[in-house]
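Note that these values count all heavy atoms, side chains included, but never hydrogens, waters or copies made by symmetry.
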Amino acid sequence: MQETAERLLIIDDDEMFCHVLNRALSRRGFEVLVAHDAAQALSLARRHQPQLATLDLKLEHESGLKLLPELLEIVPECRVVVLTGYSSIATAVEAIKLGAVNYLCKPADADEVLMALSRAEGDPETEVADNPPSINRITWEHIQKVLQEHDGNISATARALGMHRRTLQRKLQKRPVRR
């Protein structure tokens, strides 16, 4: 009797990233499904009941954090790793609170994704940085926290931060600063 492959759903609006990850995971024996938006992801989840999933935090017009509870409602046993190029402490904490098993910063390769999906517990051996984050990084983290508190509403976030909405939009379009 042939054992069925684990089903893994990739939810990401970056088609090239999906293609590369799909190929790498398929070669490792997974049955891979790909969705580029929330509606497609929920439809695939209902039909195929994936055991594993990767979820981009920032889909084109949607937040992965809003999609996460809906996905887990359809497939409660699904192990989800949130992937993002826009990492912040606030979004990492929220992703875990909402049911993700892990949170990875992009770029992440197939091995890192699989390791994140398989880890059931935290690692107390994780290295703690020797130097504090830069002022630019702290600013980025604070903006992300306030944005999260306002459910992604740019205008409300700009008002709360005391800045012009377009200034905030420009800051959000930039990649986060590394430390």
Among residues two or more places apart or on two chains, list those pairs meeting salt bridge (charged side-chain N to carboxylate O under 4.0 Å, His left out) that have a residue in residues 14-31.
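Passing the test, one end in residues 14-31: Arg7-Glu31, Arg28-Asp111.
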
With no hydrogens and no angle check, do the side chains of Thr91 and Tyr103 hold a donor and an acceptor under 3.5 Å apart?
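Side-chain D/A pair, Thr91 to Tyr103: present.
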
Nearest 0.5 Å please: distance from the [atom1] atom of [X] over to the [atom2] atom of [Y].
X      : Y      : atom1 : atom2 : result
Lys171 : Leu147 : NZ    : CG    : 13.5 Å
Arg170 : Met163 : CZ    : CE    : 10.0 Å
Phe30  : Leu21  : CZ    : CG    : 10.0 Å
Gln144 : Thr157 : CD    : OG1   : 9.5 Å
Arg166 : Leu168 : CZ    : CG    : 12.5 Å

Cluster overlap Ile74 with Leu52, hydrophobic side-chain contacts below 4.5 Å
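Different hydrophobic clusters.
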
Heavy-atom closest pair, residues Ile10 and Asn22:
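Looking at all heavy atoms of both residues, the shortest contact is CD1-N, 3.7 Å.
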
Minimum heavy-atom distance between Leu9 and Ala41, given as atom pair plus value:
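Closest approach of Leu9 to Ala41: CD2-O, 3.8 Å.
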
Please say which of Leu72, Leu67, Val75, Leu117 ends up in a side chain to side chain contact (heavy atoms under 4.5 Å, CB included) with Val80.
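Passing option: Leu72.
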
Looking at side-chain heavy atoms only, is the closest gap between Leu55 and Leu83 below 4.5 Å?
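When only atoms from C-beta onward are counted, Leu83 and Leu55 do not touch, as no gap falls below 4.5 Å.
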
Lys/Arg N to Asp/Glu carboxylate O, Lys58 vs Asp13, below 4.0 Å
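No, Lys58 and Asp13 are not salt-bridged.
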
Arg159: which residues meet the salt bridge (charged side-chain N to carboxylate O under 4.0 Å, His left out) condition with it, sequence neighbours left out?
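Once residues adjacent in sequence are excluded, Arg159 has no partner under the salt bridge (charged side-chain N to carboxylate O under 4.0 Å, His left out) criterion.
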
